[in-house]
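Everything below concerns the one structure shown next.
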Amino acid sequence: MQDELSYVKDETAIPSLLKKAKDDKIETVWDRALAMQPQCGFGEMGVCCTNCSMGPCRIVKISPDGPKKGICGATEDTIASRNFARSVAAGSAAHSDHGRDIAEALHYAAEQKRPIKDEKKLRALAEEWGIQTEGRSVEDLASKVAEKALNEFGKPFGHLQFVERAPQKRKEIWESMDVTPRAIDRDIVEVLHSTHMGCDADYRNIITAAVRAALSDGWGGSMIGTELSDILFGTPVPHEVEANLGVLKKDCVNIVVHGHEPTLSEALVLAVNDPDLIEAAKQEGAQGINLVGMCCTGNEVAMRHGIPMAGNFFQQELAVVTGVVEAMVVDVQCIMPSLPQVAKCYHTKLITTSRKAKIPGAVHMEFDEKNSVECARKIVLEAVMNFKNRTDNVLVPEEKVTGRIGYSVESIIRALDGITNTFAHQSGTVKPLVDAVKSGVLRGVAAIVGCNNHRVPADQSHVLLAKELIKNDVLVVTTGCGAHACIKAGLMSEDAVKLCGKGLATCCELLKVPPVLHMGSCVDISRILQLLAIISKYMNVDIKDLPVAAAAPEWMSEKALSIGTYAVASGIYVVLGVTPQITGSENLTKYLTSDMENIYGGRFEIESDPIKAAHKILDHIEVKRKQLDI
Ligand code: SF4
Ligand code: SF4
């Protein structure tokens, strides 16, 4: 646990607001983390079980006399692996339910003949899924694609359609381990079933079920979420965006949209541009309406519309502490239940919108996808009418930076086309990137993803890790709260090229891209899988053979565990900066951090020091380069 004075410098905009929070007697995440010390050792090691009412049981490792089995006879291996698997299932469920909502949104959009932004992508996906496209209207196609996507959650036979995107060798590994994801809900349910009391007691088999559920997320729920969001709301293209809490405006009605699903935020984007609502804001004495985004919803609207990125997970309470937020509008996931208490001390309205996520003390205005624009208008009006209640107790931090974002797979390939010699080579391929890696100008690619966690100074590990990697000619791709951390630290600006090794700097200048590419929200990690699959197929190797790695230096959520697990099972070396709750089982720890490599070609590594983590990634990349003989 870090005390609150050890934040990474001022670029986070945290210290000034934390001081204000203290003055205003607001309790924040760091206060609660401090009050929680020392945290329970049994929980930290993953050897506490509450799966039945004979428990709770715990395995006592430190004293020879303590219980070594649960009352049912479950060992530390069984208990720790069941806990881990249930977390993975919960993470997969969160992403996948998000994907399902987007599929439903596409269905309603088709039904109501609402605009479908990326028809080209819709047609391409329909063809990929074997849907007849010729002579079909956009609405008809969207409806068919939505139906097929919704089927992925509970189809009785076969496997997920996006599995076909994986390279052949990867599919064979999954087949041999019987982890090929079948139907998303089924794979998640199976983990919950097999980890019930008196069911699966074999830690390896439990992790195998967790792997299947995680693959159902990465190559299923998340990929559906990303692809269908692009179809519905547009595939991101590169553009500039402002970031950090300095994007809040003193003279405007500020609305922070926070959570995950782009359906709500997209409707808000439309509503804040409604001339009647802008006029209403002016009538209330404001200059206009300022919509900004937080966490993954922030990433979604920044990627597609250039809506400013207000901040990441640990800035949500502090955004309210500024005193200038008229409404924080939330949907699902990563929304601190403390927010209504913080909001109560100011004039801010915390507005919940999903029936899946109500918070006592919040105003609930249910968002109905069938009636999205009207719902969004009502929410915006609520914020506008709240402007007059603002007090003088305000502090808008000065911290604000500009970065270039919008790197979908399509944008990356388009950027690569910019340096393709079309007389000699085909455009629309990853050849220039592969050539740069083969020549050694670029050593490899690393993904930095995940959250904030009180065990790490906010954003510090994301930033130090990214800087060390780009200094050593490794291109970084990022999503989620890691992306927020990187843009705030200036790593998506033109100047960031100065921090790169010579090889990466040259590539960035040629391609006109920053060395840290923002690829979107947490579900958009499926874009990274897609890119790796394309590169693998182009090089005729498996994903595990590529000089790539991933890191979640400040992870905290179950979704991050699902992401880590599907990445490992996809053949990727994944460095975790925060130790998962597994260490009470030596067998499980060894399985996840070593044995899995022999099976899947990927494994977890636990390393809390970001510089050491960077060097472990660099070493891994060099090993892969050697094996590829490049
Ligand atoms: S499932 Fe077994 S270990 Fe878990 S609480 Fe019940 S008796 Fe205890
Ligand atoms: S990166 Fe983590 S904290 Fe941030 S939105 Fe995603 S899951 Fe939540």
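As the structure lists them, so they are numbered: ligands from 1, and atoms in each ligand from 1. These numbers were taken from a predicted model, which means no experiment stands behind them.
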Salt-bridged, K612 to E607, with N to O below 4.0 Å? no
Within 45 degrees of the ring normal and closer than 6.0 Å to the centroid, is that where the cationic atom of R100 sits relative to F153? yes
Inspect the contact between R304 and D230 and indicate whether a charged nitrogen and a carboxylate oxygen are less than 4.0 angstrom apart. yes
With the threshold set at 4.0 Å, does a side-chain nitrogen-carboxylate oxygen contact exist between R355 and E366? no
Hey, which protein N/O/S atoms does atom 2 (Fe) of ligand 2 have under 2.8 Å? C451 SG
d(S372 OG, E266 CD) to nearest 0.5 Å is 10.0 Å
How long is the span from the OG atom in S570 to the CD1 atom in I528, to the nearest 0.5 Å? 11.5 Å
Atom 4 (Fe) of ligand 1: protein N, O or S atoms [distance under 2.8 Å]: C49 SG
Which of these, H260, Q333, H258, has its nearest heavy atom closest to atom 5 (S) of ligand 2? H260
Could you check whether S562 and D217, counting side-chain N and O atoms only, form a donor-acceptor pair closer than 3.5 Å? yes
Would you sort out whether K356 and D101 count as a salt bridge (Lys or Arg N to Asp or Glu O under 4.0 Å), showing the intermediate values? CA-CA 12 Å; K356 297 175 207 166; D101 281 357; 2.7 Å; yes
Can you tell whether the side chains of R32 and E27 come within less than 4.0 Å, N to carboxylate O? yes
Would you call M519 and S408 a side-chain contact if the rule is heavy atoms closer than 4.5 Å? no
